[in-house]
Number of protein chains: 2
Amino acid sequence: METDSPWLTEQQQRVWRNWLRMNTELPAALHRQLQADSELSLPDYDVLVQLTDTAEGRVRVLDLARALRWERSRLSHHLKRMEGRGLVRREEVPADGRGSYVVLTSEGRAAIEKAAPAHVRTVRSLIFDSVGADELAALGAVVDKVLARLEEEERSRR
Amino acid sequence: METDSPWLTEQQQRVWRNWLRMNTELPAALHRQLQADSELSLPDYDVLVQLTDTAEGRVRVLDLARALRWERSRLSHHLKRMEGRGLVRREEVPADGRGSYVVLTSEGRAAIEKAAPAHVRTVRSLIFDSVGADELAALGAVVDKVLARLEEEERSRR
DNA sequence: CCTGACTAGTTGACGCGTCACCCAGTATCT
DNA sequence: AGATACTGGGTGACGCGTCAACTAGTCAGG
């Protein structure tokens with residue numbers, strides 16, 4: 001009814017619109033920088049980070065999907081493209097005929113080592129350099145709350 | 001601000017990762033809800049909102065693109081799909097043989113009127129219900145700063 | 001009027017992401 | 001051993017988004 005009003009307050013609307021806009025423009029800016037300084041996309045970067053974090057740069061596809069919080073299908077598509085560009089390679093799993101490993105190639109390792117410093121610099125420059133520790137804490141609190149709600153919603157969906 | 005230290009602090013990393021995750025999961029959740037309650041996608045919704053905000057539900061394509069901050073190409077692609085589903089219609093502009101109007105059809109109007117309440121409810125439930133006015137202000141401040149940096153970066157790019 | 005620059009909008013190709021479905025290998029139960 | 005279910009992973013189709021190239025209409029200068 002009118003008591004819990006169906007719309008957003010002025011302030012909420014303003015923050016919401018800007019938030020949405022930032023959420024489209026920030027990834028776009030990061031993507032541009034990454035493309036300018038390397039041949040990597042943002043998702044490429046995420047995959048390569050996971051692989052470098054792993055001993056031997058070798059992971060089971062499903063483990064990688066879980067670490068990235070990606071769907072198996074999405075990862076499969078993406079790995080196919082990355083494999084085509086020589087960034088990763090697939091290997092069979094001796095113990096399980098269904099599974100496969102994803103292995104970081106030397107090109108892949110070289111690519112992310114080349115790209116990482118400028119990428120981190122860009123993240124810092126676009127966000128953290130202008131956001132103090134107190135603001136960061138407030139932001140973190142909001143993000144955590146929204147994530148908690150999203151998880152709640154996800155649980156209730158199953 | 002220590003622009004020379006190459007990595008992020010612990011706190012910054014934590015907030016950054018959660019932020020990224022929220023930025024992928026929040027649109028996904030909103031999209032799911034919209035699809036469940038209507039036949040609209042999030043971009044469809046944005047387009048329809050603009051059209052209903054306009055007198056007569058009739059806008060020049062370029063004006064629409066500017067209002068949405070979309071590229072002309074993206075809008076053109078999207079309008080083609082929406083036109084195929086009967087949500088909008090194109091009309092010629094008498095005064096300028098190049099241009100065209102986008103017109104909201106009655107199906108389009110019905111679709112967004114049906115979808116809007118649940119969508120707003122979801123936004124409120126996922127975000128604003130758990131974020132107080134003080135936190136909202138802090139969030140707004142951060143968002144504004146990041147947007148300012150993005151605009152600065154965009155200007156320097158041209 | 002004609003030519004050249006500019007503008008409105010479209011198209012095609014490609015990367016990204018989801019959904020529905022498929023396939024093959026493994027585990028289990030009898 | 002054979003039927004069945006489950007699991008790891010892949011595919012195809014389609015919507016979304018960007019980039020580069022294109023078409024057609026307009027406009028300004030000669």
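Convention: sequence-line order gives letters A, B, ...; per-chain numbering from 1. All values below were derived from every heavy atom in this structure, side-chain atoms included, with hydrogens, water molecules and symmetry-related copies excluded. Values in this document were obtained by computation on a predicted structure and should not be read as measured data.
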Going by salt bridge (charged side-chain N to carboxylate O under 4.0 Å, His left out), name the pairs with one or both residues in residues 34-51 of chain A, residues two or more places apart or in two chains. A/Asp44-A/Arg85
Residue set satisfying ring-ring contact (aromatic ring centres under 6.0 Å, His included) with A/His77, at least two apart, ordered chain then number -> none
DNA chain C: 5'-proximal contact among A/Asp96 and A/Leu42 (nearest heavy atom): A/Leu42
So for atom CD, which belongs to B/Glu92, do other residues, nucleotides or ligands contribute more than 12 heavy atoms lying within a distance under 6.0 Å? no
Heavy atom of residues 58-89 of chain B under 4.0 Å from DNA chain C: which residues? B/Arg60, B/Val61, B/Leu62, B/Arg72, B/Ser73, B/Ser76, B/His77, B/Lys80
Provide the start and end nucleotides, 5' to 3', of the part of DNA chain C that has atoms under 4.0 Å from heavy atoms of chain A. C/dG15 to C/dT26
Please enumerate all residues that pass ring-ring contact (aromatic ring centres under 6.0 Å, His included) together with B/Tyr45, with sequence neighbours excluded. B/His119
Check B/Pro27 against B/Leu42 and note the closest heavy-atom contact, atom names and distance. O-CD2, 3.6 Å
When you measure from every atom of DNA chain D, which of residues 27-41 of chain B have a heavy atom less than 4.0 Å away? B/Ser41
If the helix axis at each end comes from five base pairs, how far does the helix from C/dC1-D/dG30 to C/dT30-D/dA1 deviate from straight, to 10°? 10°
Return yes if some donor-acceptor pair links the side-chain N/O of B/Thr105 with the main-chain N/O of B/Gly86 below 3.5 Å, else return no. yes
Listed pairs under 3.5 Å, donor-acceptor, residues 55-64 of chain B side chains, sequence neighbours left out:
from: B/Arg58; atom 1: NH1; to: B/Glu91; atom 2: OE1; distance (Å): 2.3
from: B/Asp63; atom 1: OD1; to: B/Arg66; atom 2: NH2; distance (Å): 3.4

Between B/Gln50 and B/Ala67, what is the shortest heavy-atom contact and its length? OE1-CB, 3.3 Å
State whether B/Arg149 and B/Glu152 are salt-bridged, where the test is any N-O pair (Lys NZ or Arg NE/NH1/NH2 against Asp/Glu carboxylate O) under 4.0 Å. yes
Do the side chains of A/Glu10 and A/Arg14 get close enough for a salt bridge, i.e. N-O under 4.0 angstrom? no
Should B/Arg17 and B/Arg21 count as side-chain neighbours, where that means a heavy-atom distance under 4.5 Å? no
For residues 127-136 of chain B, please give each side-chain donor-acceptor pair under 3.5 Å, one per line with the distance, not counting sequence neighbours.
from: B/Ser130; atom 1: OG; to: B/Ile127; atom 2: O; distance (Å): 3.3
from: B/Glu135; atom 1: OE1; to: A/Lys145; atom 2: NZ; distance (Å): 3.0
from: B/Glu135; atom 1: OE1; to: B/Gly132; atom 2: N; distance (Å): 3.2
from: B/Glu135; atom 1: OE2; to: A/Lys145; atom 2: NZ; distance (Å): 3.1

Which ones in residues 98-105 of chain A lie close to DNA chain D, meaning a heavy atom under 4.0 Å from one of its atoms? A/Arg98, A/Gly99, A/Ser100
Using only heavy-atom distances, determine whether the side chains of B/Arg109 and B/Thr52 contain a donor-acceptor pair under 3.5 Å. no
Transitive ILVMFWY cluster of B/Tyr101, excluding itself - 4.5 Å side-chain cut-off: B/Val93, B/Val103
Show me the pairs that pass salt bridge (charged side-chain N to carboxylate O under 4.0 Å, His left out) and involve residues 69-83 of chain B, at least two apart or across chains. B/Glu83-B/Arg90
